[in-house]
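Bear in mind the structure is a predicted one, so any value in this text is a computation, not a measurement. Sequential numbering from 1 along the given sequence is applied to the chain's residues.
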Amino acid sequence: MGLVTAAAREGTALDVSAELATIGATGASALVASMTTDGWHGVRDWIAGLLGRGRTEVEARQAARLDRDRELLLAAPEAEDRSRDVMDSWAVRLQDLADDDPEAARELLKFVAQWQAENPEAAQKATVIRQHAKASGKARINQVGGNQTVIKPRRP
């Protein structure tokens with residue numbers, strides 16, 4: 001169980017930096033953006049190794065998963081929904097890894113920092129957006145990622 005989840009269940013306060021709390025999403029953004037670049041195989045091998053942590057069969061399984069996801073993106077590079085789905089699934093995997101293994105979290109932070117330094121334009125597009133909202137009484141909140149159109153209904 002991740003540190004954030006355990007602390008929430010136990011009702012204890014936990015000091016988690018914003019970087020570490022969103023490293024899964026940030027790492028996934030860098031990973032997915034790298035999937036269509038010339039340096040992909042180096043990133044692929046590193047991520048598979050990070051996830052496998054020395055277990056050859058796990059590394060091979062993760063490398064195969066990375067290859068499948070890359071093929072999905074290359075088959076339809078203009079499909080934004082497909083890219084978002086791939087990114088979301090990797091964000092969960094990488095965040096779980098970071099929550100469970102502090103050393104892996106540090107390595108992932110280094111990877112993201114290096115990727116951002118080497119790819120400043122792509123890094124700007126891959127920024128994670130965090131939304132916070134609070135409602136009280138009978139108020140409702142709807143938060144949507146991406147584009148949203150709000151239509152105010154007319155009153156009779």
Side-chain angles (χ1 to χ4, degrees), residues 1-9 14 16-133 140-151:
M1 177 179 308
L3 295 174
V4 174
T5 306
R9 192 185 76 221
L14 182 64
V16 178
S17 73
E19 285 180 329
L20 192 55
T22 61
I23 191 60
T26 308
S29 294
L31 174 64
V32 170
S34 298
M35 285 182 171
T36 57
T37 66
D38 292 337
W40 164 243
H41 288 289
V43 173
R44 169 198 177 265
D45 294 344
W46 183 81
I47 290 287
L50 182 69
L51 291 163
R53 305 309 268 168
R55 297 167 297 182
T56 307
E57 68 282 353
V58 176
E59 287 182 30
R61 195 170 57 247
Q62 295 302 328
R65 176 180 276 167
L66 287 160
D67 289 338
R68 281 192 310 268
D69 286 348
R70 180 176 192 251
E71 289 303 317
L72 282 172
L73 295 177
L74 292 175
E78 70 285 344
E80 189 176 313
D81 289 344
R82 184 172 293 167
S83 176
R84 189 174 305 125
D85 290 345
V86 169
M87 194 175 332
D88 289 347
S89 66
W90 280 104
V92 171
R93 286 184 197 101
L94 295 176
Q95 189 65 52
D96 285 348
L97 176 69
D99 287 347
D100 293 340
D101 185 342
E103 181 59 32
R106 283 189 286 280
E107 290 179 41
L108 196 51
L109 283 169
K110 286 180 190 176
F111 162 72
V112 168
Q114 180 179 345
W115 180 83
Q116 288 173 333
E118 293 172 359
N119 303 281
E121 284 185 34
Q124 210 170 23
K125 293 177 186 175
T127 301
V128 174
I129 297 172
R130 298 179 74 189
Q131 297 178 331
H132 300 278
R140 282 191 288 172
I141 297 173
N142 296 314
Q143 290 183 301
V144 177
N147 296 334
Q148 177 179 352
T149 303
V150 178
I151 301 171

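- Note on Glu107 versus Lys110: no salt bridge recorded, every NZ/NE/NH1/NH2 to OD/OE distance being 4.0 Å or above.
- Leu66 places none of its side-chain heavy atoms less than 4.5 Å from the side chain of Asp69.
- Proximity of Arg65 to Arg93: side-chain heavy atoms (C-beta onward) are separated by under 4.5 Å at one or more points.
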Evaluation steps, side chain to side chain contact (heavy atoms under 4.5 Å, CB included), between Val86 and Met35
CA-CA 11 Å; Val86 169; Met35 285 182 171; 4.3 Å; yes
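- One distance of note links CG of Leu94 with CG of Asp99; it measures 11.0 Å at 0.5 Å rounding.
- Contact record, Gly27 with Val112: CA-CG2, 3.6 Å, taken as the closest heavy-atom pair.
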Tabulate below the donor-acceptor pairs under 3.5 Å that side-chain atoms of residues 39-51 make, not counting sequence neighbours, or state none.
unit_1 : atom_1 : unit_2 : atom_2 : d
Arg44  : NE     : Asp67  : OD1    : 2.7
Arg44  : NE     : Asp67  : OD2    : 3.2
Arg44  : NH2    : Asp67  : OD2    : 3.1

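- Looking at heavy atoms from C-beta onward, Ile23 lies in side-chain contact with Gln95 at the 4.5 angstrom threshold.
- Minimum interatomic distance between Ala91 and Ala28 (heavy atoms only, all atoms of both residues): N-CB, 3.4 Å.
- For Asp88, there are no side-chain hydrogen bond (donor to acceptor under 3.5 Å, both in side chains) partners two or more places apart in sequence or in a different chain.
- Closest non-hydrogen pair, Leu73 versus Ser83, comes out as CD2-CA, 3.6 Å.
- A pairwise comparison of heavy atoms in Glu59 and Gly52 identifies CG-CA, 3.6 Å as the closest pair.
- Side-chain contact between Gln116 and Phe111 is absent, with no heavy-atom pair separated by less than 4.5 Å.
- Expressed to the nearest 0.5 Å, how far CD of Glu118 lies from OG1 of Thr37 amounts to 10.0 Å.
- Qualifying salt bridge (charged side-chain N to carboxylate O under 4.0 Å, His left out) partners for Glu71, counting only residues two or more places apart in sequence or in other chains: none.
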Quick one: do Glu103 and Arg53 satisfy side chain to side chain contact (heavy atoms under 4.5 Å, CB included)? Show the steps, please.
CA-CA 11 Å; Glu103 181 59 32; Arg53 305 309 268 168; 3.8 Å; yes
